[in-house]
Amino acid sequence: MSSHILLLNCGSSSMKYQLFDPETQSPLAVGIVERIGQDVGKLKHEVDGQEFVEEQPFPDHTASFAAVVAAFGKHGPSLDGVRAVGHRTVHGGSTFQESTLITDEVIAKLVELQALAPLHNPPGIAGIEAAMALLPDVPHVAIFDTAFFAKLPAEAYTYAIDREVAKKYELRRYGFHGTSHSYVSKKAAEVLGRPVEELKVIVCHLGNGASISAVDGGQAVETSMGLTPLQGLVMGTRSGDIDPGIFKFLSDKGYSIDEIDTLLNKQSGMGGMCGHTDMRDVEARIDAGDAEARLAMDVYIHRLISYIGAYIAVLGGVDAVVFTAGIGENASLVRREASNRLRHLGLVIDEEKNAVRAKEPRVISTPDSPVKILVVPTNEELAMAQDTLRIIGA
Ligand code: ADP
């Protein structure tokens, strides 16, 4: 019996999906529904190197998922071989410390948690309900972005604010990108040929969104994102760490809270500082002598090395620093500049190895570097599929 896993990742106006074959560790079909709720939406279904596009209204996630099922019916492959559905779920709060089989009680709890992730969880729940209605005979599993960080030490997740307020609203650091941090830290141990239980690893997940984690013996002990994915590193459009006093300051200048939130989430980061959110464009501008782009990169690297240094302190030493996601896997400049500024802490990068472009996990430090530097391509889909299979006991 085939055991394909259907993976769903729902945003407020989009639904991404993959039919994944855990045996070959590769997707059989991938697709996306975009502009859900708008006058005309778009569904793109890719299978066997062919792309099928439909433009029509997709009023909600229920209609979108029905269109996805229809696309599989028309263009294949068949969904008959689906063993389970894995749902990417952004926020598990303090309740969900693990991927979880979805039941009515789980959905009720997710609804309660909506307040913690008002942008992300409601579409996730809509996707879960739509998929469970159309595929009622297979198990559905929720995989939480926060789960890998659920067991952070209290000293790392506690915000230094009034404890009653923190308790009442469950205000704490939760962390995100957990599926990636977990997968990459294990893969790094494999590449180094050492048990993950013996290793202290720092994972730099540098994509459009970016976060960094400290992992000690396989357990995350610190991470840079917080109650929301706004905290921490400089990102494509997010500021990362900033003085919270900016809220009152700009509010006094006439900005609404929503406007400040939009400023920090959508008009900041690399885009805010130099007008380019994509690191390739930033690099091209630096090459062309653009001072704003250079400053934006300096801020990016400064924040990154500050975190790596801090996490070496938190871990009490480090065996490996690992780069992953779009920027971590591709931007040799970022890896070089960050590593060179951490040489005194034992990171000695091999410039030639760093310059090689490859899809494979690899070590890019010199053989005698006290701290190993690695590039490990993340594979959140594989990790989600494996987790889904584990939870259903297959
Ligand atoms: P997310 O999943 O958060 O949307 P990704 O992990 O896919 O992001 O990373 C996307 C980012 O990776 C792009 O915005 C771009 O900045 C960066 N990126 C991709 N390829 C390259 C490259 N060759 N050189 C530098 N940066 C790259």
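Everything numeric here is computed off the predicted structure, so don't read it as measured data. Worth knowing before you read on, the calculation uses all heavy atoms, side chains too, and leaves out hydrogens, waters and symmetry mates. In listed order, ligands and their atoms are each counted from 1.
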query: Does the Glu329 side chain pair with the main chain of Thr378, one donor and one acceptor, at a distance under 3.5 Å?
result: yes
- line: Ala325 heavy atoms within 4.0 Å reach ligand 1 at atoms 6 (O)
message: Is there a polar contact, in the sense of an N or O pair closer than 3.5 Å, between Asn208 and ligand 1?
response: yes
Protein heavy-atom partner closest to atom 15 (C) of ligand 1 - residue, atom, separation in Å: Asp278 OD1, 3.3 Å
task: Please confirm whether the backbone N or O of Glu98 pairs with a side-chain atom of Thr100, one donor and one acceptor, at under 3.5 Å?
output: yes
- request: Can you sort out which atoms of ligand 1 are near Ile327, meaning under 4.0 Å from one of its heavy atoms?
  value: 12 (O), 16 (O), 17 (C)
message: Taking ring pair (Phe, Tyr, Trp, His ring centres under 6.0 Å) as the criterion, tell me which of Phe176, Phe144, Phe149 meets it with His91.
response: Phe176
query: Should you measure from each heavy atom of Arg357, which atoms of ligand 1 turn up under 4.0 Å away?
result: 23 (N)
- request: Look at atom 5 (P) of ligand 1 and say which protein heavy atom is nearest, naming residue and atom and giving the distance to 0.1 Å.
  value: Gly326 N, 3.8 Å
task: Please determine if Met279 has a nitrogen or oxygen closer than 3.5 Å to a nitrogen or oxygen of ligand 1.
output: yes
- prompt: If only atom types and distance count, is the side chain of Thr103 paired as donor or acceptor with the main-chain N or O of Leu101 below 3.5 Å?
  reply: no
field: salt bridge (charged side-chain N to carboxylate O under 4.0 Å, His left out) partner of Glu222, the single match among Lys200, Arg173, Lys151
entry: Arg173
- prompt: So which protein heavy atom does atom 21 (C) of ligand 1 come closest to, and at what separation?
  reply: Asn330 CB, 3.5 Å
- prompt: Atoms of ligand 1 less than 4.0 Å from Gly209 heavy atoms?
  reply: 3 (O)
- prompt: Just checking, Arg303 and Tyr307: is the charged tip under 6.0 Å from the six-membered ring centre and within 45° of the axis?
  reply: no
statement: Only one of Lys42, Lys74, Lys44 passes salt bridge (charged side-chain N to carboxylate O under 4.0 Å, His left out) with Glu54, and that residue is Lys74
Top protein contact for atom 24 (N) of ligand 1, by heavy-atom distance: Arg280 CG, 3.4 Å
task: Report yes or no: does Asn354 contribute a side-chain atom to a donor-acceptor pair with the main-chain N or O of Ser332 at less than 3.5 Å?
output: yes
field: Heavy-atom protein neighbour under 4.0 angstrom from atom 2 (O) of ligand 1
entry: no
Under-4.0 Å heavy-atom contact with ligand 1, by part of Met235 that carries it: neither
